[in-house]
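Naming: A, B, ... by sequence-line order, numbering from 1 per chain. The figures that follow rest on heavy atoms only: side chains count, while hydrogens, waters and symmetry mates do not.
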2 protein chains.
Amino acid sequence: MTTPTPRSRRRRQVLSRERIVEAAVELLDTAGAGALTVRALSDRLSTGSGAIYHHVGNMGELLQAATESVVAAALPAFPAPRESATDPGAEDTGRERIRAAALGLYDAVAEHPWLAVQLAVQVTRSPWGTVTPRIFESIGECVRTLGVPRSGWFATTSTLVHYILGATSQNAQPSDTAVLRDGAQRAEFLDSASQAWKSLDADDYPFLHDIADQMRGHDDREQFLTGIDLILAGITAVGRPS
Amino acid sequence: MTTPTPRSRRRRQVLSRERIVEAAVELLDTAGAGALTVRALSDRLSTGSGAIYHHVGNMGELLQAATESVVAAALPAFPAPRESATDPGAEDTGRERIRAAALGLYDAVAEHPWLAVQLAVQVTRSPWGTVTPRIFESIGECVRTLGVPRSGWFATTSTLVHYILGATSQNAQPSDTAVLRDGAQRAEFLDSASQAWKSLDADDYPFLHDIADQMRGHDDREQFLTGIDLILAGITAVGRPS
DNA sequence: ACCTGAACACCGTTCAAGT
DNA sequence: ACCTGAACACCGTTCAAGT
């Protein structure tokens with residue numbers, strides 16, 4: 001009849017799902033996607049490999065949980081505050097909040113390069129899990145305030161989400177190892193990429209040839225926002241045909 | 001001094017890189033991403049597992065080659081015919097060619113669901129390999145004819161490519177197994193997805209709640225094109241501010 | 001040169017056994 | 001209930017040995 005005392009429940013509770021997910025994210029961040037193994041994880045947590053399975057089911061579920069925790073942290077406070085669509089300036093703040101959510105995801109992928117591939121994996125498993133719903137909700141809530149007719153909400157939100165996921169994953173660090181936040185390192189990478197494009201056959205790739213210099217000098221993050229603004233401009237243009 | 005006769009060269013040449021890549025694509029298509037193993041591949045090709053490594057280096061290289069071969073087949077004839085940007089109607093044919101290239105990739109992912117994740121993988125390894133360059137070139141070549149100033153070519157092309165890759169991967173079959181081209185199957189999936197959204201907490205996900213019905217009825221492919229047109233409208237709007 | 005297939009060093013996952 | 005860690009059935013890759 002009596003519930004177990006807190007003391008007895010807490011006695012040997014050293015491991016938990018949260019601790020495991022946290023350790024998994026650390027492992028992914030510091031050593032890359034290939035370094036997350038059950039053995040490495042149980043080593044780091046000083047347990048047996050079987051202990052992991054008491055809390056997470058399997059590797060895929062762990063990867064999903066790791067992705068969800070990082071995505072949840074990257075998105076703005078949730079749920080978003082409701083605003084009346086008739087407020088003056090509501091459209092501008094809607095656009096601003098879309099930019100903020102997009103940048104949150106963009107920066108998360110920059111900090112956690114393994115996210116690039118994991119987002120693609122999780123999103124095709126949509127809509128199970130919270131990754132796709134969270135992202136969709138964050139963006140969709142803002143689209144509502146943009147003067148788009150109700151019938152266009154889903155298509156408009158989808159377009160933004162697809163662009164955001166595509167862009168963040170393409171701009172991710174091309175490394176299987178640890179995070180490199182060094183700007184010089186990024187410049188070096190762009191430089192070699194530019195060289196690679198220039199060395200392609202000019203007859204097969206005339207456009208890449210022309211544009212190789214432009215690509216060397218560009219700022220990923222700024223250009224990511226340029227793309228967002230391009231789509232927002234399209235939303236406005238389609239909503240009010242001239 | 002004499003080159004080997006064709007006969008002697010051909011004698012035992014049963015295996016080749018091409019045949020291996022072809023078999024890999026078949027395996028991926030029919031049995032899913034998890035089914036591509038060196039053992040399964042050498043079984044299907046009736047050789048020893050070591051023979052594979054005489055032609056492809058390692059598994060990652062094989063996956064890259066499989067992706068490249070499917071992407072190359074999906075994109076329109078390459079390189080694209082040159083058109084003068086001053087032609088009347090050049091912008092319209094540019095837009096039409098962008099839609100064609102985008103649909104080519106979209107349909108390829110529908111036929112080869114494993115492409116969704118592989119595109120994300122290959123594209124972060126950019127610009128090595130031919131996947132990213134090919135896609136960029138196809139789209140960029142058309143962007144040139146759209147009246148975008150030269151300084152905007154790279155950003156505009158990037159926006160389109162990011163959207164295309166993001167959308168194709170999100171709309172891929174959510175299955176790890178064989179291809180299901182059955183329309184009814186897709187409708188069933190959308191139905192359960194819609195149910196899942198409806199069953200989310202209405203306070204945390206008000207937008208998804210509102211929109212669940214819209215998402216059940218939608219046509220992926222049509223909506224994919226709607227997104228393309230939204231971005232094209234943005235390109236026009238930004239190029240000619242009112 | 002091309003191929004064979006056993007061997008090696010891993011991997012995720014399970015499960016009897018402990019506390 | 002929670003954890004241990006050996007065992008199992010895989011995996012990619014290598015390499016001496018064959019033709």
Side-chain angles (χ1 to χ4, degrees), chain A residues 1-24 27-28 31-67 114 117-118 121 125 176-177, chain B residues 2-25 27-28 31-67 114 117-118 121 125 176-177:
Chain A
M1 278 295 167
T2 63
T3 55
T5 70
R7 192 187 299 133
S8 74
R9 252 196 288 143
R10 182 196 307 152
R11 215 172 46 109
R12 291 264 286 153
Q13 176 69 344
V14 282
L15 216 52
S16 70
R17 189 184 160 97
E18 275 168 21
R19 263 178 60 77
I20 291 171
V21 171
E22 190 185 356
L27 215 41
L28 289 164
L36 179 60
T37 68
V38 176
R39 281 164 180 84
L41 199 55
S42 49
D43 266 12
R44 176 180 274 254
L45 291 166
S46 314
T47 47
S49 50
I52 306 290
Y53 290 88
H54 265 268
H55 298 90
V56 286
N58 58 41
M59 199 69 213
E61 197 182 310
L62 179 56
L63 247 5
Q64 176 171 335
T67 305
W114 50 272
V117 167
Q118 272 309 304
V121 171
R125 304 230 167 110
D176 233 353
T177 63
Chain B
T2 62
T3 55
T5 70
R7 190 186 301 133
S8 75
R9 252 197 285 145
R10 182 195 308 151
R11 214 170 47 109
R12 290 265 285 154
Q13 178 67 346
V14 281
L15 215 54
S16 69
R17 189 184 161 97
E18 274 167 23
R19 262 178 59 76
I20 292 171
V21 171
E22 191 186 354
V25 171
L27 214 41
L28 289 164
L36 178 60
T37 69
V38 176
R39 279 166 182 82
L41 199 55
S42 48
D43 266 12
R44 175 180 275 255
L45 291 166
S46 313
T47 46
S49 52
I52 307 290
Y53 290 88
H54 265 269
H55 299 90
V56 288
N58 59 40
M59 200 69 212
E61 198 182 309
L62 178 57
L63 245 6
Q64 176 171 334
T67 305
W114 51 273
V117 167
Q118 272 308 306
V121 171
R125 303 231 166 109
D176 234 354
T177 63

Response to the item:
Picking from dG12(C), dT13(D), dT4(C), the nucleotide nearest the side-chain atoms of Tyr53(B) would be dT13(D)

Worksheet item: Do His54(A) and dC2(D) share a donor-acceptor pair, side chain to base, under 3.5 Å?
Response: no

Practice prompt. Work out which heavy atom in His55(B) is nearest to a heavy atom in Ala51(B); give both atom names and the distance.
Written response: ND1-O, 3.4 Å

Worksheet entry | d(CZ, Arg19(A); C1', dC2(D)) in whole Å | 14 Å

Worksheet item: Could you go step by step and tell me if Leu63(A) and Trp114(A) meet the side chain to side chain contact (heavy atoms under 4.5 Å, CB included) rule?
Response: CA-CA 10 Å; Leu63(A) 247 5; Trp114(A) 50 272; 5.5 Å; no

Discussion item. Categorize Leu36(B) for me: base, sugar-phosphate, or nothing, with a 4.0 angstrom heavy-atom threshold over every strand shown.
Written reply: sugar-phosphate

Worksheet entry | Nucleotide dC11(D), atom P - distance to CE of Met59(B) in whole Å | 11 Å

Item to complete: Give the rounded distance in Å between these two atoms: CZ of Arg39(B) and P of dA7(C).
Response: 13 Å

Worksheet item: Are side-chain heavy atoms of Met59(A) and Leu36(A) found at a separation under 4.5 Å?
Response: yes

Worksheet item: What is the nucleic acid contact for Leu62(A), judged by heavy atoms within less than 4.0 Å: base, sugar-phosphate only, or nothing?
Response: nothing

Item to complete: Provide, to the nearest angstrom, the distance between the CD1 atom belonging to Ile52(A) and the P atom belonging to dC3(D).
Response: 9 Å

Worksheet item: Start at the 5' end of DNA chain C and walk down; is the nucleotide closest to Gly57(A) or to Ser49(B) reached first?
Response: Ser49(B)

Worksheet, complete the sentence: Rounded to whole Å, the CD1-P distance (Ile20(B) to dT13(D)) equals 13 Å

Worksheet item: Does any nucleotide pair with dA9(C) by Watson-Crick or G-U wobble geometry, both distances under 3.5 Å, and what is it?
Response: none

Discussion item. Counting neighbours of CD on Glu61(A) that are heavy atoms of other residues, nucleotides or ligands and sit closer than 6.0 Å, is the number greater than 12?
Written reply: yes

Item to complete: Mind listing the closest non-hydrogen atom pair of Val21(B) and Ala65(B) along with its distance?
Response: CG2-CB, 3.8 Å

Practice prompt. Using Watson-Crick or G-U wobble geometry with both distances below 3.5 Å, tell me the partner of dA17(C), or none.
Written response: none

Discussion item. Can you measure Leu15(A) atom CG to dC2(D) atom C1' for me and round it to whole angstrom units?
Written reply: 9 Å

Worksheet entry | Atom-pair distance (CG on Leu41(A); P on dC11(C)), nearest Å | 12 Å

Discussion item. Using whole Å, what does the distance between atom P of nucleotide dG12(D) and atom CG of Asp43(B) come to?
Written reply: 12 Å

Practice prompt. Consider the side chain of Asn58(B), meaning its heavy atoms from C-beta on, and name the nucleotide among dG12(C), dC3(D), dT13(D) that approaches it most closely.
Written response: dT13(D)

